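Note that the structure is predicted; figures quoted are calculated from it, not measured. Below, each value reflects all heavy atoms present in this structure, side chains not excepted, and no hydrogens, waters or symmetry copies. A, B, ... follow the sequence lines: proteins, then strands. Residue 1 opens every chain.
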4 protein chains.
Amino acid sequence: MDKREQLIEIATKLFSEKGYENTPLSVVCEKANVSKGLISHHFKSKDGLLREIFLRTTNLIVEINSFDKKNKSPNEQLVELLESFFSQLEADKLFFQFNLNMIVQPSTREILDDLIKERSSFILEKTKEIFDKIDAENALVKSHLFIAELDGIALSYLGIYKDFPLKEIKEQIMKKYA
Amino acid sequence: MDKREQLIEIATKLFSEKGYENTPLSVVCEKANVSKGLISHHFKSKDGLLREIFLRTTNLIVEINSFDKKNKSPNEQLVELLESFFSQLEADKLFFQFNLNMIVQPSTREILDDLIKERSSFILEKTKEIFDKIDAENALVKSHLFIAELDGIALSYLGIYKDFPLKEIKEQIMKKYA
Amino acid sequence: MDKREQLIEIATKLFSEKGYENTPLSVVCEKANVSKGLISHHFKSKDGLLREIFLRTTNLIVEINSFDKKNKSPNEQLVELLESFFSQLEADKLFFQFNLNMIVQPSTREILDDLIKERSSFILEKTKEIFDKIDAENALVKSHLFIAELDGIALSYLGIYKDFPLKEIKEQIMKKYA
Amino acid sequence: MDKREQLIEIATKLFSEKGYENTPLSVVCEKANVSKGLISHHFKSKDGLLREIFLRTTNLIVEINSFDKKNKSPNEQLVELLESFFSQLEADKLFFQFNLNMIVQPSTREILDDLIKERSSFILEKTKEIFDKIDAENALVKSHLFIAELDGIALSYLGIYKDFPLKEIKEQIMKKYA
DNA sequence: AATGAATGAGTTTTCATTCAT
DNA sequence: CATGAATGAAAACTCATTCAT
């Protein structure tokens, strides 16, 4: 397999699980069966590797948001969004773990500042597009609240409450936006 | 002045601003005008210092939740809770920054695991006490949703959206729970 | 109990078990239920404590060698010496452990240099007094060999061979000198 | 020159002279003209370096014991062994110093436990092979006594008695086993 | 593209000692 | 006699990065 790809895959996993600061490149290289020099060769530095990874997860988010909206009502679109959010939250905890880490941790925040802004703007914009059709006047605030709600759910589910009742929460949220 | 207290104060500030991993003890000691050995003397290790700090913030949270509930309706209690949440969110960003960091970052999470669990249980319990009076059947889910919502707002406000419309969000939330 | 005495007792045990360099005073103080300042008060320094302890073990050795020789033949004296050597070797391993450590380890050797020389001279002298009566001409060499033999046995028994056949060795040695 | 080799050479010398605990890696690196990180790179840790060194001295001992025995009587073999023991004891005090240190000092003992056991078993076995031909019944005890005697002589010569009469002792021992 | 030896700054921790009370 | 807060030097270890091959 492509060593560059291997490196990215392993690093993504480790950064998500252990955090960026707590994952030495030596460990990444070892697990990826790759020499240390290769990282600086491909990504210039550890920060470079992180930025590459973050960009990829952004692309994934863009893809998720790019479903076909043409024949759907705004509420149907919200439901679809929620469906994919909850199913991915259950399927790929690490993905959310990683993104929360990167945003909350001051050091990574700094490294990724421009990329984080770009991504959040995109998400806000896409959400607002939907709410504009429902309640144009309060679309911005409602979008923010919508996003905050989902982030909060992810946070509680991943980080805080072991017995978080995800199913029931999903039902409640669905009822609210359907 | 008490050097122990000085140490805790400075460390709290720095851990919040820069993150735990990114704050060397050398900097903490320098700013606190204290020798390196004193940390080991009082807190055994950097982890020990962190745990002490986390415990103190927990105590603060407990205090905040210990207002007098006797003559108030559950909805009045929620409003009071929200008032103190929003006013503190504006007044002391670092406090929320710190707590989010500690919970989301895998390394600190591990160090504080027991304390985090204890604290979250307390918060859930206190919230549920209120919702039990409003809607006993769904009290647990509603409590979780309530907490997640607030956490999500803090996350968006602190970490993601520079132009987060906190005032409007507060109004919306207040309307919902009043 | 006298705290000074307590301190010496605990320190002797720990220095024997863990070695001098590897025994922090903090541990000694903790186990002896005594404050740190007390060591500097009584013994001036860690080295001072060590010297005090070494002196005490020397006194013990002097006592052992001070049995009544008047009515005994030199060979009877040797047998008596060997008896007490072997019985103490079995009874108090730590005692030998400690003394070997102190002599072999360069750092402690330096601290105790004068005391070690004094003690070894005493032992050599006492041994030679006996051998002088057996074989005056070779007394010095035979004394050295006698001492070396016993030290070697202690070394093998304590440090090297788990299954050292102490009983059979003792028989052989006894036969040789009786 | 190979920096790894340089490191081992200098470290061996310093550990022998000053003891393991009393030799900071900073000094080793300085004298070997090598950066601190290189130790971690090659040996993982200070303990790792020590184990490597101990292994090498074991190999040396194995070599010494691997002389050609075919045409020699057991007593001739003992004499040869003694010759090489005494000549090395005079020529390379540090070699014996090092080995005694490592075995007697509790901390190094622990680090090297398996290697020490392996080596002592080898020595005992090789010695016993010779004594088996002389006195099969008491070969084990006699081997132990032989080894203990030599160890004791090394101990006295190196560590205790400045005026140790090595020549005369050697004569005595030679006479006994020839 | 890939390796891995080598660096060196930086980090936490250890610990004997001092000193005011 | 006794305490324990405070110091500061020294230690081992970590780890991203560089560079010759």
### Query
Does some side-chain heavy atom of D:Asp114 sit less than 4.5 Å from a side-chain heavy atom of D:Arg51?
yes

### Query
Are the side chains of D:Thr58 and D:Leu115 in touch, meaning some heavy atoms are under 4.5 Å apart?
no

## Note on the structure
B/S/- along nucleotides 1-8 of chain E (protein heavy atoms under 4.0 Å) is BSBBBBBB

### Message
Without decimals, in angstroms, what is the distance between B:Tyr20 OH and E:dT11 P?
### Response
13 Å

### Task
Flag yes if more than 12 heavy atoms outside A:Glu17 fall under 6.0 Å of its CD atom; otherwise flag no.
yes

### Task
On DNA chain E, check which nucleotide each of B:Ser26 and C:Lys46 is closest to and give me the residue with the more 5' one.
B:Ser26

### Query
For the pair made of CG in B:Leu25 and P in F:dG8, what is the distance, rounded to whole Å?
17 Å

### Nearest-Å distance for atom pair CD/P, residues D:Glu21 and F:dA11
12 Å

### Task
Rounded to the nearest angstrom, tell me the gap between atom CZ in B:Phe43 and atom C1' in E:dT12.
16 Å

### Bracket notation of DNA chain F in which parentheses pair within the strand, [ ] cross earlier pairs, and | pairs with another strand (Watson-Crick or G-U, under 3.5 Å)
.||||||||||||||||||||

### A:Asn101 versus A:Thr108, closest heavy-atom pair with distance
O-OG1, 3.7 Å

### Non-hydrogen atoms of B:Cys29 and B:Lys36 that approach each other most closely
SG-CA, 3.7 Å

### Value in whole Å for how far the C1' atom of E:dT14 lies from CG of D:Asn22
15 Å

### Message
Checking B:Phe54 now: which residues fulfil ring pair (Phe, Tyr, Trp, His ring centres under 6.0 Å) with it, not counting sequence neighbours?
### Response
none

#### Entry: Contact summary for D:Ile53 and D:Ala11, nearest pair of heavy atoms
CD1-CB, 3.6 Å

### Message
Any heavy-atom pair between the side chains of B:Tyr20 and B:Asp47 that's under 4.5 Å?
### Response
yes

### Query
What's the CG-C1' distance between A:Leu50 and F:dA16, to the nearest Å?
14 Å

